[in-house]
Amino acid sequence: MPDITAAAIDTTPQIKVLFFAALREAIGHSELQLTLPAPLQISGVLALLSAQSSKVHQALAGREVLAALNQQLVGCDTWVHSGDELALFPPVTGG
Amino acid sequence: MPDITAAAIDTTPQIKVLFFAALREAIGHSELQLTLPAPLQISGVLALLSAQSSKVHQALAGREVLAALNQQLVGCDTWVHSGDELALFPPVTGG
Amino acid sequence: MPATINCRVQPEDFALDHEYQALQRQDCGAVVLFCGLVREQFQPQDGPQDMPQSGDTLQALELEHYPGMTEQSIRAIAGQAVKRFDLRAITVIHRIGLLPLGAQIVLVGVAAPHRSDAFAACDMMMDYLKNQVPLWKKVHFSTSTAWADAKASDKQALNRWQTAEQNTAEN
Amino acid sequence: MPATINCRVQPEDFALDHEYQALQRQDCGAVVLFCGLVREQFQPQDGPQDMPQSGDTLQALELEHYPGMTEQSIRAIAGQAVKRFDLRAITVIHRIGLLPLGAQIVLVGVAAPHRSDAFAACDMMMDYLKNQVPLWKKVHFSTSTAWADAKASDKQALNRWQTAEQNTAEN
């Protein structure tokens, strides 16, 4: 079903997902390309990522995750569009 | 009368009075010795100084004056004792 | 009045004195500088943190960041400070990479005509830096590593400025 | 934990970098430095202060003080800061004498394990310094001099700490 939805759209909607710090280490990747089966909010992207990989599922479970969309901190109800850069990471600890 | 009172006390009660900054310039002295005719509060010392010199009277009139007794900031109701060092000065402007 | 803003994210160390000289302006009576340094830390074990229980101590901090967003968000914070306070110059330098015990991590410097603006701006920028800039610290002990936890006190500190912002907007 | 307190009143200039190095401690993650500088100032005439109306500008500040009491009251302020905040090292240097435009007047430096203590202590010490230490500024313009007026804002700033003190005592 998701594949049919994606195929129905003119260009395949893709986003870049970045992981940082403890989340990057837990997932084992710093970056991946994700095909959106439908317009999604960030919370939907998180669910999709968890569904695709048990490692991601485990990494996200019970962890506070912040999101930056195109390098701006945003809430998880923000809609994601094709071509966006979505970064997911633990609460920051710089300074 | 004040002279008789002073003479009646075993040792003549004297204090050192210091002036700083604009007050020092207005009075034209940085230091003087003052004989206390009786136990006085700082407010009484100010009245005594004003009574003794019209220059001091003019310098003190209408000017906010702070007092330090033995190098501690104090209120004008503080009692002055023989041998004390009383400093009078305008509000401080350091820092 | 326009303020000079100088933001850098770099592995290289910085010279406080050089940055201090660069911040000075003829119309500024106040310069406030905050320097964050890698301080000693004990490996958390059974007991409370910061207690020398394990014998293993911090060797270095490793600073990871999100290139591009880090610089941009630091610049945004400096821009907020300039809007809110009367400032003439701001310097923010944050180091990345492996930083040994005692190393300088971050500098926030502010020059202002008056000290109240300089203090508040420097304090506020540090609170935003701690909460909104994509930087993460990994603590290297001699036999293990651990990601630093975000502190609730840092989040609370940020609230001071956001409440004040809302109050200002309401009045 | 004991804190190192270093207070000086001197005509000589000081080197910020030297004082910064001296403040650093292995258990301190935060150093906050305040530097007060002689800033440009315009001779007050008909108009509001700080406006270039007369054409005559500040050439120098002359700092008068009360020898003995100055040092003692600065030390007392540092002592209060140590009692109130978690600090490891304090440096306060106040210059006296004739200081030209751009010169350093005062340095307050604080090293603490955490930044909130360092910021608050530095801020508080400056407020006490402005209100309770026997120092006076005389402004030298090219053709005249004028004693600086104490500012109501400095007195108000001090109230912040005294109110908090009372609240702490009450709770």
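Order of the sequence lines fixes the chain letters, A, B, ..., with proteins taken first and strands second; residue numbering starts at 1 for each chain. Nothing here was measured: the structure is a model prediction, and the numbers come from that model.
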Task: Contact winner vs chain B - D:M125, D:M69, D:Q72, heavy-atom pairs under 4.5 Å - done: D:M69
Can you list, pair by pair, the side-chain donor-acceptor contacts under 3.5 Å of residues 45-55 of chain B, counting residues two or more places apart and other chains?
unit_1: B:S50; atom_1: OG; unit_2: B:L46; atom_2: O; d: 3.2
unit_1: B:S53; atom_1: OG; unit_2: B:K55; atom_2: N; d: 3.2
unit_1: B:S53; atom_1: OG; unit_2: B:V56; atom_2: N; d: 2.9

Task: Leading residue by heavy atom contact count with chain D [cutoff under 4.5 Å; candidates B:E85, B:Q72, B:E64, B:E25] - done: B:E25
TODO: Mind checking the NZ-OG1 spacing from D:K130 to B:T93? Nearest 0.5 Å is all I need.
DONE: 8.0 Å
Task: Proximal component of D:K151, with respect to chain B [non-hydrogen, under 4.5 Å] - done: neither
TODO: Heavy-atom pairs under 4.5 Å with chain D are the metric here; pick the option from B:P91, B:A87, B:G94 that has the most.
DONE: B:G94
- [ ] Tell me, please, which residues at least two apart from D:Y66 pass ring pair (Phe, Tyr, Trp, His ring centres under 6.0 Å).
- [x] B:F20
- [ ] Check ring pair (Phe, Tyr, Trp, His ring centres under 6.0 Å) between D:F34 and all other residues, then give those that pass, not counting sequence neighbours.
- [x] C:F119
Task: For B:V92 against D:A150, the heavy-atom pair lying closest together - done: O-CB, 3.9 Å
TODO: Under 4.5 Å, heavy atom to heavy atom: which of residues 135-143 of chain D reach chain B? Give them by number, or say none.
DONE: D:L135, D:W136, D:K137, D:K138
Task: Segment of D:Q132 engaging chain B (4.5 angstrom heavy-atom cut-off) - done: both
